[in-house]
Amino acid sequence: MRKAILIKFVQVLLAALVLNSVIFYVASSSMMLRTVRSDMLYTLQSIDCILDYSGKVSDQVREMKDAAGRNESRLTLIASDGTVLADTGAEESEMDNHLEREEVVMAMEEGEGYSTRYSSTVKRTMLYVAYRSPESGIILRLSVPFSGMREYLPMLLPAAWLSFAVAVLVSLSVTDRFVSSVTKPIQDLSNEMMKVRGDCIDLHFEPSPYPEINIIGSTTVKMSNNVKEYLGQIEKEKKIRQEFFSNASHELKTPITSIQGYAELLENDIVTDPAMQKDFIRRIKKEAVHMTSLINDILMISKLEAKEAEVPFTPVRMAVLLEDIRGSLEPVAANLGIFLHTDCPPIRIYANPQQIRELLMNLMSNAIKYNRPGGQVWVTVREEDGHMIINVRDNGVGIPEDSLDRIFERFYRVDKGRSKKQGGTGLGLSIVKHIVNFYHGTIQVHSKVDEGSEFMVSLPVRKADEEDEDDLNL
């Protein structure tokens with residue numbers, strides 16, 4: 001990169017110097033031409049003042065031959081019809097009519113005329129300046145050899161080459177420093193990135209005087225931090241999956257072991273009492289139901305995590321759904337001496353009925369299970385700012401503060417002994433959290449030990465369409 005920048009810079013420098021030289025040459029030639037023409041015109045005006053047009057002008061011009069003929073210059077007097085009246089370089093009778101000469105035509109029309117052309121007489125390029133005398137109307141023309149800047153080039157070339165060499169050397173020095181100031185931050189950036197060899201280290205870059213390089217550095221740092229966070233998230237999810245499979249295996253192993261044990265006792269006729277046999281069969285059925293419930297909960301979480309899976313939405317009457325769930329839970333609540341209170345206006349939403357049922361069922365069943373005899377559970381559903389707000393509150397045993405951050409983890413139990421006694425899979429609140437996330441909602445928990453818990457869910461669920469009112473389902 002360094003070599004490429006140097007080469008490009010030198011190329012640009014050479015092109016700039018060549019272009020500057022051409023512009024200087026053209027501008028200098030033009031300025032020199034204007035200066036010479038002005039001096040020659042002044043000379044003609046002076047000669048016009050000296051000449052006596054009442055006498056013989058040819059004799060007067062011959063007297064000026066020595067002065068006018070210096071440096072191969074010529075003075076010519078031309079009548080208004082183009083006839084040459086006098087010339088310091090030739091006989092008048094031998095000269096052609098000059099009426100169509102460019103400088104003469106301009107002088108006749110404008111009072112002054114100029115032209116530059118090659119003269120076949122003297123074999124050189126000549127500059128012609130013509131001036132029409134205001135007094136006599138005669139055209140005075142002065143011609144001198146003119147080659148522009150070409151005659152000065154031999155004198156200017158050494159100075160030009162010297163200045164060119166100095167400019168190149170100075171430019172190379174400045175360019176080298178400039179290139180170093182550009183490539184060094186990039187090299188530092190590369191060296192810092194080479195330190196990353198599978199380890200999530202913190203990158204650090206010194207600020208550069210160039211904002212673009214600083215942007216690259218800051219972007220690289222951000223990307224490194226994002227990768228670090230991503231890898232950390234992957235590691236966290238890996239641990240969660242490992243814990244999940246470990247817990248799921250344990251939860252499934254327990255009922256399977258019980259079923260296997262009871263089945264072996266029945267198969268080997270060790271238990272002969274009919275009442276005990278029925279009790280064993282009842283226990284096997286209970287464990288099978290527990291396994292089925294656990295598997296269903298795991299499948300529910302898998303479906304919620306697989307967001308690409310299609311979930312059918314239908315209109316749902318929340319009041320009807322809440323009453324149906326209350327009817328299912330009231331026998332359990334009555335058996336534990338728990339009183340249920342529900343309040344829900346006629347809200348219609350467009351959602352998946354099974355997911356909303358699971359959400360309400362898990363929150364309400366937890367509020368009943370983790371309560372005390374004579375306790376109460378309050379469930380309210382309302383609409384607020386386009387969101388459905390579900391509030392489930394109880395005055396039960398509550399949740400310790402150090403467990404509030406973990407209650408939504410799969411298989412996490414606050415009181416493992418009480419949880420085992422109450423039954424369940426340990427996935428209820430995890431399912432609730434997944435459902436809330438599926439609808440891009442929020443869930444908040446407030447709880448104090450021995451005072452109770454309150455769960456507040458907000459779901460931005462859109463309302464059912466008017467055309468679906470006749471098809472409202474649960």
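We count residues from 1, following the sequence as given.
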* With distance as the sole test, does Asp324 use its side chain to make a donor-acceptor pair with the main-chain N or O of Val320 at under 3.5 Å? -> no
* Distance-minimising heavy-atom pair for Gln376 and Asn395 -> N-OD1, 2.8 Å
* Please tell me if the side chains of Val457 and Asn391 come closer than 4.5 Å, counting only heavy atoms from C-beta onward. => no
* Structure fact -> CE of Met361 to CG of Leu329, rounded to nearest 0.5 Å, is 5.0 Å
* Structure fact -> What one should report as the nearest heavy-atom pair of Phe339 and Gly374 is CD1-O, 4.2 Å
* Asked: After noting the C-alpha distance and the side-chain angles of Ile349 and Leu459, does the key distance pass the side-chain contact (heavy atoms from CB on, under 4.5 Å) rule?
  -> CA-CA 10 Å; Ile349 64 169; Leu459 300 179; over 6 Å; no
* Kindly give the heavy-atom pair with the smallest separation between Cys344 and Leu322, and that separation in Å. => CB-CD2, 3.7 Å
* Working for side-chain contact (heavy atoms from CB on, under 4.5 Å), residues Leu41 and Tyr114 -> CA-CA 10 Å; Leu41 180 63; Tyr114 314 92; 3.6 Å; yes
* Only one of Gln277, Arg282, Met276 passes side chain to side chain contact (heavy atoms under 4.5 Å, CB included) with Phe280; say which it is. => Met276
* Structure fact -> Output for pair (Leu127 CG, Thr116 OG1), nearest 0.5 Å, gives 4.5 Å
* Would Leu340 and Ile368 satisfy side-chain contact (heavy atoms from CB on, under 4.5 Å), going step by step from the backbone distance to the final call? -> CA-CA 9 Å; Leu340 282 174; Ile368 293 172; 4.0 Å; yes
* To do: If the plane angle is over 60° it's perpendicular, under 30° parallel, otherwise tilted; pick one for Phe438 and Phe313.
  => tilted
* State whether the number of non-hydrogen atoms from other residues, nucleotides or ligands found under 6.0 Å of Asp385 atom CG is greater than 12. => no
* List the atom of Ile389, the atom of Glu384, and the distance in Å for their closest heavy-atom pair. => CG1-CB, 4.1 Å
* Structure fact -> Taken to the nearest 0.5 Å, the spacing of Met318 CE from Arg382 CZ works out to 13.0 Å
* Asked: Are Asp394 and Arg372 close enough, and set up right, to give a salt bridge (charged side-chain N to carboxylate O under 4.0 Å, His left out), and what steps lead you there?
  -> CA-CA 10 Å; Asp394 65 74; Arg372 53 173 61 92; over 6 Å; no
* Examine the side chains of Ser38 and Arg34 and answer whether a donor and an acceptor come within less than 3.5 Å of each other. => no
* Asn366 side, atom CG; Phe455 side, atom CZ - distance, nearest 0.5 Å -> 7.0 Å
* May I have the step-by-step check of salt bridge (charged side-chain N to carboxylate O under 4.0 Å, His left out) for Glu103 and Arg37, ending in yes or no? => CA-CA 12 Å; Glu103 67 277 7; Arg37 289 193 311 190; over 6 Å; no
* Asked: With a 4.5 Å limit on heavy-atom distance, are the side chains of Phe408 and Ser430 in contact?
  -> no
* Donor-acceptor contact present, side-chain Ser447 to main-chain Gly452, <3.5 Å -> yes
* Answer yes or no: are there more than 12 heavy-atom neighbours, outside Glu264 itself, under 6.0 Å from its atom CD? => yes
* Any side-chain heavy atom of Thr342 within less than 4.5 Å of one from Glu323? -> yes
* Is the backbone of Ala275 close enough, under 3.5 Å, to the side chain of Asp279 for a donor and an acceptor to pair up by distance? -> no
* To do: Kindly compute the distance separating CD1 (Ile390) from CD1 (Ile443), expressed to the nearest 0.5 Å.
  => 9.0 Å
* Asked: Taking all atoms of both residues into account, what is the closest heavy-atom pair of Ile347 and Glu383, and its distance?
  -> CD1-N, 3.7 Å
* So which heavy atom on His446 is nearest to which on Met456, and how close? -> CD2-CE, 2.8 Å
* Could you walk me through whether Ile284 and Leu266 pass the side-chain contact (heavy atoms from CB on, under 4.5 Å) check? -> CA-CA 11 Å; Ile284 290 174; Leu266 292 173; 4.1 Å; yes
* 4.5 Å side-chain heavy-atom contact, Arg117 and Arg101 -> yes
* Asked: Are any non-hydrogen side-chain atoms of Leu321 and Pro353 less than 4.5 angstrom apart?
  -> no
* **CD1-CG distance between Ile325 and Leu359, expressed to the nearest 0.5 angstrom** => 9.0 Å
